[in-house]
Amino acid sequence: MKIFIATKNQKKLVELSRILEPMGFDVLSEKDLEKPLDEIEETGTTFEENAILKAKAGLKETGYISVADDSGICVDYLDGAPGIYSARYSGGHGNDDDNNKKILKELEGVPMENRTAYYVAAIACVFPDGRQFTVRGECHGHIAFEESGSCGFGYDPLFISEKGCFGHLSAEEKDSISHRGKALRLFKEELSKYI
């Protein structure tokens with residue numbers, strides 16, 4: 001069965017495909033289209049709303065069941081920021097280095113016990129017949145005092161989980177506890193009710 005992943009983020013595509021392909025799906029992405037996906041304006045106020053917007057755009061473009069993810073990190077000391085603005089926190093979209101530097105600057109002098117944070121991943125699935133659902137996964141931890149490791153992407157070099165810094169975890173280790181790993185396991189359960 002064909003399923004379209006509506007993302008321009010190659011690293012998210014790899015993570016989503018790694019879990020969807022073993023479920024028996026023929027995973028399609030933007031590279032399988034004749035032209036690139038249009039940029040989707042993320043006008044939602046929640047991760048779930050933005051994920052639905054992106055999935056609906058994928059469905060409109062392809063006609064296939066479409067899946068999209070919206071994710072980010074929420075820092076308690078910063079009242080939940082950057083939240084849904086995680087990818088563009090420093091101004092430009094997807095500049096991981098600048099985003100990490102901005103969080104470190106805003107948490108300067110803040111002790112570890114006050115650096116609690118959690119990653120959120122909302123995954124939306126929309127069907128050609130109008131059905132849709134979302135699932136949400138969270139992973140709680142702390143923000144480190146400096147970047148560490150070369151694994152993962154986004155805020156991973158700063159995020160300390162129960163298994164250590166995401167910047168040091170293998171893909172398998174990260175999938176086992178990450179927000180996206182949790183969301184994808186829920187997604188698998190939920191999708192089985194629809195197929």
Side-chain angles (χ1 to χ4, degrees), residues 1-74 82-88 93-94 96 118-139 151-156 166 169-195:
M1 181 179 296
K2 288 182 172 18
I3 196 164
F4 181 74
I5 300 177
T7 185
K8 291 179 174 289
N9 183 321
Q10 290 308 299
K11 293 173 181 173
K12 281 186 182 181
L13 177 62
V14 168
E15 281 195 356
L16 289 160
S17 297
R18 194 166 58 229
I19 292 174
L20 286 169
E21 284 171 354
M23 291 171 65
F25 286 105
D26 180 8
V27 175
L28 303 174
S29 66
E30 185 179 55
K31 70 177 173 44
D32 298 301
L33 303 178
E34 289 180 14
K35 64 180 182 69
L37 280 173
D38 292 332
E39 285 291 339
I40 303 304
E41 197 175 339
E42 296 180 18
T43 55
T45 58
T46 65
F47 292 106
E48 287 82 359
E49 287 175 8
N50 284 332
I52 286 280
L53 287 171
K54 291 186 256 187
K56 283 183 173 176
L59 172 65
K60 183 178 176 189
E61 188 66 39
T62 66
Y64 294 123
I65 298 168
S66 290
V67 177
D69 152 287
D70 195 51
S71 55
I73 197 163
C74 303
I84 60 171
Y85 305 106
S86 292
R88 51 193 183 275
H93 193 279
D96 294 348
Y118 57 99
Y119 261 128
V120 174
I123 300 175
C125 185
V126 297
F127 295 83
D129 64 9
R131 294 176 298 161
Q132 65 183 44
F133 69 85
T134 60
V135 293
R136 179 184 179 108
E138 294 184 4
C139 181
C151 298
F153 60 98
Y155 298 91
D156 288 357
F166 269 16
L169 299 184
S170 69
E172 293 73 27
E173 289 171 319
K174 183 180 172 187
D175 284 350
S176 73
I177 60 162
S178 76
H179 52 306
R180 193 166 292 110
K182 289 175 182 175
L184 280 164
R185 285 187 287 280
L186 291 170
F187 173 78
K188 183 178 178 179
E189 283 175 32
E190 196 63 25
L191 187 59
S192 66
K193 299 173 189 173
Y194 285 77
I195 301 294

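We're numbering straight along the sequence, starting at 1. All values derive from a computational prediction rather than experimental measurement.
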**OP:** With ring-ring contact (aromatic ring centres under 6.0 Å, His included) as the test, would you mind laying out the steps for Tyr155 and Phe166 before giving the verdict?
**Re:** CA-CA 8 Å; Tyr155 298 91; Phe166 269 16; over 10 Å; no
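- Between the side chains of Tyr194 and Asp129, no donor N or O sits under 3.5 Å from an acceptor N or O.
- Closest of all the heavy-atom pairs between Asp175 and Arg185 is O-NH1, 2.9 Å.
- With hydrogens and angles ignored, the 3.5 Å screen pairs no side-chain donor or acceptor of Thr7 with any backbone N or O of Leu13.
- Nearest approach of Ala51 to Ala68, heavy atoms of both residues: O-CB, 3.5 Å.
- In this structure, Asn50 contributes its side chain and Gly44 its backbone to a donor-acceptor pair below 3.5 Å.
- Listed by chain and number, the residues in a salt bridge (charged side-chain N to carboxylate O under 4.0 Å, His left out) with Glu173 amount to none (sequence neighbours excluded).
- By the side chain to side chain contact (heavy atoms under 4.5 Å, CB included) test, Thr43 pairs with Glu41, Leu53, sequence neighbours left out.
- Using a 4.5 Å heavy-atom threshold, the side chains of Leu16 and Ile123 count as touching.
- In plain terms, the two heavy atoms of Ser66 and Ala55 that are nearest each other are CB-O, 3.3 Å.
- Remark: side-chain polar atoms of Lys8 are paired, donor with acceptor, to backbone N or O of Leu37 under 3.5 angstrom.
- Of the possible polar contacts, none joining the Arg131 side chain to the Cys125 backbone as a donor-acceptor pair under 3.5 Å is found.
- When all heavy atoms are compared, the tightest approach of Phe25 to Ile3 is CB-CG2, 3.6 Å.
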**OP:** For the pair Phe4 and Leu33, evaluate side-chain contact (heavy atoms from CB on, under 4.5 Å) and give the outcome as yes or no after the intermediate values.
**Re:** CA-CA 10 Å; Phe4 181 74; Leu33 303 178; 3.9 Å; yes
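- Residues Gly83 and Cys74 approach most closely at CA-SG, 4.0 Å, considering heavy atoms.
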Subject >> Stepwise side-chain contact (heavy atoms from CB on, under 4.5 Å) test for Ile5 and Leu20 >> reply: CA-CA 10 Å; Ile5 300 177; Leu20 286 169; 3.8 Å; yes
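- Checking side-chain atoms of Glu190 against main-chain N and O of Leu186 turns up no donor-acceptor pair under 3.5 Å.
- The side chain to side chain donor-acceptor pair (under 3.5 Å) test applied to Lys12 returns Asp69, Ser71, not counting sequence neighbours.
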